[in-house]
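Before any comments, here is the structure.
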Protein chains: 2
Amino acid sequence: MTVGATQPVIRATLEDVARAAGVSLATVDRVVNRREGVHAKTVARVEAAVAKLGYRADVAAARLARGQTFRFAFVLPTGSNSFMTSLTEQVARTADWLAGQRGFIDIHHVDVFDPDVLAGALENLSPAYQGVAVIALDHPRVRAAIDDLVARGIAVVTLVSDAPSSSRVHYVGIDNPAAGRTAATLMGRFLAGREGTVAVIAGSLSLRDHTERQFGFHQILTSEYSNLSALPVIEGRDDSDRTRKLTAALLARHADLRGIYCCGAGNRGIADALEASGRAREVVWITHELTEYTRRFLVRGTLDAVINQDAGHEARSAARILLAHCAGEPISPDQERIRIDIFLRDNLP
Amino acid sequence: MTVGATQPVIRATLEDVARAAGVSLATVDRVVNRREGVHAKTVARVEAAVAKLGYRADVAAARLARGQTFRFAFVLPTGSNSFMTSLTEQVARTADWLAGQRGFIDIHHVDVFDPDVLAGALENLSPAYQGVAVIALDHPRVRAAIDDLVARGIAVVTLVSDAPSSSRVHYVGIDNPAAGRTAATLMGRFLAGREGTVAVIAGSLSLRDHTERQFGFHQILTSEYSNLSALPVIEGRDDSDRTRKLTAALLARHADLRGIYCCGAGNRGIADALEASGRAREVVWITHELTEYTRRFLVRGTLDAVINQDAGHEARSAARILLAHCAGEPISPDQERIRIDIFLRDNLP
DNA sequence: CAATTTTTGAGGTACGCAACACAAATTCTG
DNA sequence: CAGAATTTGTGTTGCGTACCTCAAAAATTG
């Protein structure tokens, strides 16, 4: 059985549609581009012809004829952890791809963790940009800066970290509370009824994504796993050295420590401390972001699971969404949905 | 700090390159399209100009000028389980997208589980196709049919199920042994040391993907979780009714049944049997493919984890790979890698 | 140095569509 | 039914590239 074999071998063009509908090219153009001044009956005739011939505008020809070019700014953090480094690289690759699609990406590095600096950077962005992707902070000044850009007709998408109350057109990233809940479920199930304490290490609680993750984590842990009690959240500031010391102290102080959930960076410190303590196999450690380090810890068995967001997917998705928005094209939502990946040693990509 | 702001606001065109290199348009054309008869020194001059101006061919213009159109055949199973239904729908959506990219997809439905029927369908495919995507079987006749297509200059990608020894240009799907290992690790860890037996239900052991999954599953279960012993594999033929009866029998016969791994379809039957037995919460059930049903069982807590391959991603990837192959364009490997997704109740998309 | 080969230039057409100007035909209004 | 308004047609241009032909220039050879 065959479906779709009735499709034309040769694409139907606007001219074919005009001929089929018995009207001129100009009228077809008016209809397909929704211009004014066409009789309803004629519109119907043309649309029937479009449907009959299965006409689809050749996007290559359309883009070429429109002759638009696009300039986007990606505002990313200055020299940072492995995830951000990888994101930057993926954005660079995406830029390379976009260059063939009449689009240009400039990467701006700023200290996105300081609301004033970030807001300032957004405010000073050249008005030549049609779109901006930014690792946002949910802070009044940043929100205002985003709203300001949007008011000036510049499309803004937030990347990795959202500013939900702003007027950004899209958030490209994972649902962080859900990611935290996922981590908690894995923790609870891996520990399967054992009693003890679980430590939560965040980069900083002033980062919305870290807060949301630990919120989701606590939510599930307290409601579903009463055998486990969470210790107060520790701020490791995404710094390996500091995190190592904090983890070592945790391990020394809590003989009943059964699990560690790290919702930020600084994983090398945790690995060092865990391995030095000799309890690496016994303590369940779950963290975020697949990097060359976390991958190694996973393979070695020190790390039990990684919750990941795909930086490449995020970079491409942000670019696609900005492009589609500026060109007035539709997007396919499920292609742009960023998944909460779970990686075990066995399903590493 | 800003990187990349030196990019041109206006794209450089071939003419700009010609002017910069001090040669004619024809020569630049010869160089960028690698035609013969250009002096090495001139090639170098042009390439320097390309690099200096950051010239990138406008893919829209290039496609338009080449005027090529592409016809691909997708060979999918006849009326089948939820996953295949969803895959078919995603292929249809991809076809819609491709229609704007000068490409057409015909969907052919055949009984892909019969090697002779499948091979016959491939042999009878119109030579008008430049590419074929097929849910393959690893069988000599199918392999020969694929090799034959390739020999006739038709690009073949295998989808979901591979024929590794054939000359297909790409396999779009997951690593099935790794998926089985992933399931085993989840099973072993969720059961955390409890003793008992684990049942494995496959659709049919003559399907390579099911065999590979159960192979990976057994591999990890026997080597890492000696507390669990696997029962002989049961063939449910992807049929809910049959699977329900088999599962009910399993539950009745084995009081120490701790887990069920289903590497095929027929999940509704398993859910019915599990829920009827009253042991749904206690038995760990892991299966493949996220469908409306498995999603519901996951939310309800009957099902503990789903190993998934994203049908939308697979459909788009197959189309992109065929298109890139036929148009002689490069692909970006990590965008085309199909991940082994793990879904728990908490990270459902 | 003439003859030959290699390299380069000039110029054109085509791809499918968008965008526009202007004329012609049709319909509506008073 | 004239005049106005609306609707449709004709025609053109340009987007950036691929691909082609033919001639001119330069380099190589005998």
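Just so it is clear: chains get the letters A, B, ... in the order the sequence lines come, proteins before strands, and each one is counted from 1.
- For B:Arg152, the salt bridge (charged side-chain N to carboxylate O under 4.0 Å, His left out) partners are B:Asp148, not counting sequence neighbours.
- Residues A:Ser167 and A:Asp147 bring a donor and an acceptor atom of their side chains to less than 3.5 Å of each other.
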What protein N or O atoms touch nucleotides 6-13 of chain C N or O atoms at under 3.5 angstrom, if any, and at what distances?
{"from": "C:dT8", "atom 1": "OP1", "to": "B:Thr42", "atom 2": "OG1", "distance (Å)": "2.0"}
{"from": "C:dT8", "atom 1": "OP2", "to": "B:His39", "atom 2": "N", "distance (Å)": "2.7"}
{"from": "C:dG9", "atom 1": "OP2", "to": "B:Ser24", "atom 2": "N", "distance (Å)": "2.9"}
{"from": "C:dG9", "atom 1": "OP2", "to": "B:Ser24", "atom 2": "OG", "distance (Å)": "3.2"}
{"from": "C:dG9", "atom 1": "OP2", "to": "B:Thr27", "atom 2": "OG1", "distance (Å)": "2.6"}
{"from": "C:dG9", "atom 1": "N7", "to": "B:Arg30", "atom 2": "NH1", "distance (Å)": "3.4"}
{"from": "C:dG9", "atom 1": "O6", "to": "B:Arg30", "atom 2": "NH2", "distance (Å)": "2.9"}

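- Between A:Arg35 and C:dA19 there is a side-chain polar atom (N or O) within less than 4.0 angstrom of OP1 or OP2.
- Here salt bridge (charged side-chain N to carboxylate O under 4.0 Å, His left out) pairs that include residues 38-55 of chain A, with residues two or more places apart or in two chains, number zero.
- Sequence neighbours left out, the pairs with a member in residues 156-170 of chain B that pass salt bridge (charged side-chain N to carboxylate O under 4.0 Å, His left out) are B:Asp162-B:Arg168.
- With rounding to whole Å, B:Arg66 atom CZ is found 20 Å from D:dC15 atom P.
- Every salt bridge (charged side-chain N to carboxylate O under 4.0 Å, His left out) that A:Asp29 has, sequence neighbours left out, goes to A:Arg35.
- Interface residues of residues 55-65 of chain A facing DNA chain D, ordered by number: A:Leu64, A:Ala65; criterion, heavy-atom separation under 4.0 Å.
- Applying the salt bridge (charged side-chain N to carboxylate O under 4.0 Å, His left out) definition to pairs two or more places apart or across chains, those involving residues 83-93 of chain A are A:Glu89-A:Arg93, A:Arg93-B:Asp334.
- With sequence neighbours excluded, the residues forming a salt bridge (charged side-chain N to carboxylate O under 4.0 Å, His left out) with A:Glu336 are A:Arg320, listed by chain and number.
- Every residue two or more places apart in sequence or in another chain that forms a salt bridge (charged side-chain N to carboxylate O under 4.0 Å, His left out) with A:Arg143 is listed here: A:Asp138.
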